[in-house]
Number of protein chains: 2
Amino acid sequence: MRKKNSTNAVNEQFLFQVCELNSALAMISGRWKSQIVYSISQGNNRFHLLKKELPHISEQVLGRQLKELEKHAIIIKKEIPGTVPIGIEYILTGKGKDLVPILKTLCDWGKSYAEARKITI
Amino acid sequence: MRKKNSTNAVNEQFLFQVCELNSALAMISGRWKSQIVYSISQGNNRFHLLKKELPHISEQVLGRQLKELEKHAIIIKKEIPGTVPIGIEYILTGKGKDLVPILKTLCDWGKSYAEARKITI
DNA sequence: ACAATAACGAACAAAATTGTGAGTGACTTA
DNA sequence: TAAGTCACTCACAATTTTGTTCGTTATTGT
């Protein structure tokens, strides 16, 4: 759990208040998180589908990351009516949908410089 | 230091190989890092200027984060000729410069949804 | 003479994130 | 009748990240 008055927590809050950039990054920078968002946007919107997409993730970690994405209102959980036991779907919110093209841009940025050995100014 | 074969490290590598997005995020998601990049882009390109901009950072942590940004070829160090003792300037590489507008977009994304209490789909 | 500045490095400690083991409950399929 | 699926939760352990203490070197300001 987070300590309330650790230097770490205080510094985090300071950065959040300097610029929204820092809170934005905090929301998406956990392990697996942006990959989960991307997978959901591609239609892998069920717990078991995400498990298949990310074979190394444990169910416990997957559950935790989904919960955090939900906390930040990037995804919402929706029960699929008429399923027994009740199935759960994950849906991107408006916020989540707006995030996807930004992740795409970041991905392209990563790709353009992945091979580049020579540093340019 | 990083362990080579921890599940954590193996999972990180797996994600890197799934998509460059994950390596991109790993490069910029450390505490202070993107704020440092932004500050340098605004002209705060000296160690002591960054210290002033980020009053809560310790010099040791600043040094460490600068070194990592350098490792990922986002910034480079440059000696300022004619200064005694030799002054150091931090300069964004092409990669670093390309990153700035992406950070700006992320910042805007954060801002648009910062106030939003209501979740939209 | 004494403090302060610029720009760090190494080693260690604190805190945070990530992964693991065990267990849930109502199904469906073999 | 047994094993498997779906969608998780809880507490704890391993790992990683972040912050702290101490020290450096040369030079300028008071």
Side-chain angles (χ1 to χ4, degrees), chain A residues 1-15 22 25-33 35-36 40 44-52 54-71 75-80 82-90, chain B residues 1-15 22 25-33 35-36 40 44-71 75 77-80 82-90:
Chain A
M1 281 297 122
R2 288 208 150 253
K3 304 228 162 158
K4 210 76 215 293
N5 286 324
S6 62
T7 308
N8 188 306
V10 169
N11 283 347
E12 193 180 38
Q13 286 304 314
F14 166 76
L15 282 169
N22 298 295
L25 273 170
M27 288 180 215
I28 62 174
S29 66
R31 172 87 86 239
W32 309 103
K33 255 181 217 150
Q35 195 59 48
I36 290 172
I40 293 177
N44 295 93
N45 60 344
R46 302 283 305 269
F47 199 93
H48 62 281
L49 295 175
L50 288 165
K51 253 178 33 180
K52 233 178 279 173
L54 306 168
H56 299 302
I57 202 172
S58 73
E59 304 187 352
Q60 299 69 16
V61 171
L62 178 54
R64 204 152 57 199
Q65 302 301 59
L66 285 168
K67 210 157 66 166
E68 279 188 57
L69 287 170
E70 206 192 345
K71 191 177 90 189
I75 62 176
I76 48 175
K77 260 160 81 158
K78 193 166 161 246
E79 301 190 344
I80 304 169
T83 48
V84 178
I86 196 83
I88 304 282
E89 236 184 350
Y90 296 95
Chain B
M1 282 296 124
R2 289 207 150 252
K3 303 226 165 161
K4 210 80 217 290
N5 287 323
S6 62
T7 307
N8 189 307
V10 170
N11 284 346
E12 193 180 39
Q13 286 304 314
F14 166 76
L15 284 169
N22 298 295
L25 273 171
M27 288 181 214
I28 62 174
S29 66
R31 177 71 50 79
W32 309 104
K33 255 182 217 150
Q35 196 59 49
I36 290 171
I40 292 178
N44 296 93
N45 60 345
R46 302 283 306 268
F47 199 93
H48 62 281
L49 296 174
L50 289 166
K51 253 177 35 180
K52 234 180 274 172
E53 277 274 302
L54 306 168
H56 299 302
I57 204 172
S58 75
E59 303 186 353
Q60 298 68 19
V61 171
L62 176 54
R64 205 152 55 199
Q65 302 301 62
L66 285 168
K67 208 158 67 167
E68 279 189 56
L69 287 169
E70 206 192 346
K71 191 177 88 189
I75 61 175
K77 261 162 82 158
K78 194 169 163 242
E79 301 191 346
I80 304 169
T83 49
V84 179
I86 196 83
I88 304 282
E89 236 185 350
Y90 296 95

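A note on names: the letters A, B, ... follow the listed sequences, proteins ahead of strands, and every chain is numbered from 1. From a predicted model like this one, the values you see are computed outputs, not experimental measurements. Values below: every heavy atom of this structure, side chains too, minus hydrogens, waters and symmetry copies.
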Value in whole Å for how far the P atom of C/dA7 lies from CD1 of B/I40: 12 Å
Partner residues of B/N45 under the side-chain contact (heavy atoms from CB on, under 4.5 Å) criterion, sequence neighbours left out: B/I40, B/L49, B/E89
Closest approach of B/F47 to B/L62 (non-hydrogen atoms, all atoms of both residues): O-CD2, 3.7 Å
Integer-rounded Å distance: C/dT17 P and A/K67 NZ: 14 Å
Within this structure, what is the CD-to-P distance between B/E70 and C/dA7, rounded to whole angstrom? 14 Å
Sorted by number, residues from residues 48-63 of chain B placing a heavy atom under 4.0 Å from DNA chain C are B/H48, B/E59, B/Q60
Between B/N8 and C/dT17, does any side-chain N or O lie under 4.0 Å from OP1 or OP2? no
Considering all heavy atoms, the nearest B/L25-A/L25 contact: CD2-CD2, 4.1 Å
Distance check, rounded to the nearest 0.5 Å: B/W32 atom CH2 versus A/N22 atom CG? 9.0 Å
Relative to the ring of A/F14, is the ring of B/H56 parallel (under 30°), tilted (30 to 60°) or perpendicular (over 60°)? perpendicular
Both A/A9 and B/I86 contact DNA chain C. Taking the nearest nucleotide for each, which residue is further toward the 5' end? B/I86
What does B/K4 touch in the nucleic acid at a heavy-atom separation under 4.0 angstrom: a base, only the sugar-phosphate, or nothing? nothing
Could you check how far CZ of A/R64 sits from P of C/dT20, rounded to whole Å? 11 Å
Could you check how far NZ of B/K3 sits from P of C/dT18, rounded to whole Å? 18 Å
So, does the side chain of A/R31 form a donor-acceptor pair with the base of C/dG19 at under 3.5 Å? no
Please give, in whole Å, the distance from C/dT18 P to B/N5 CG? 19 Å
With sugar-phosphate meaning primed atoms plus P, OP1 and OP2, does B/R2 contact a base, only sugar-phosphate, or nothing at under 4.0 Å between heavy atoms? sugar-phosphate
Could you state the CD-P distance from B/E12 to C/dG19, rounded to the nearest angstrom? 10 Å
Can you list everything that forms a side-chain contact (heavy atoms from CB on, under 4.5 Å) with A/S6? Sequence neighbours excluded, please. A/K3, A/N8, A/A9
Which nucleotide of DNA chain D is the first, and which the last, in the 5' to 3' direction, to come under 4.0 Å of a heavy atom belonging to chain B? D/dT15 to D/dT27
Value in whole Å for how far the P atom of C/dT18 lies from CH2 of A/W32: 11 Å
Filter on salt bridge (Lys or Arg N to Asp or Glu O under 4.0 Å), then keep only pairs touching residues 55-68 of chain B, sequence neighbours left out; what's left? B/K33-B/E68, B/K51-B/E59
A/H48: side-chain contact (heavy atoms from CB on, under 4.5 Å) partners, not counting sequence neighbours: A/R46
Do you know the tightest heavy-atom contact between B/I80 and B/I86? O-CD1, 3.5 Å
For DNA chain D, whose closest nucleotide is more 5', that of B/G30 or that of B/T7? B/T7
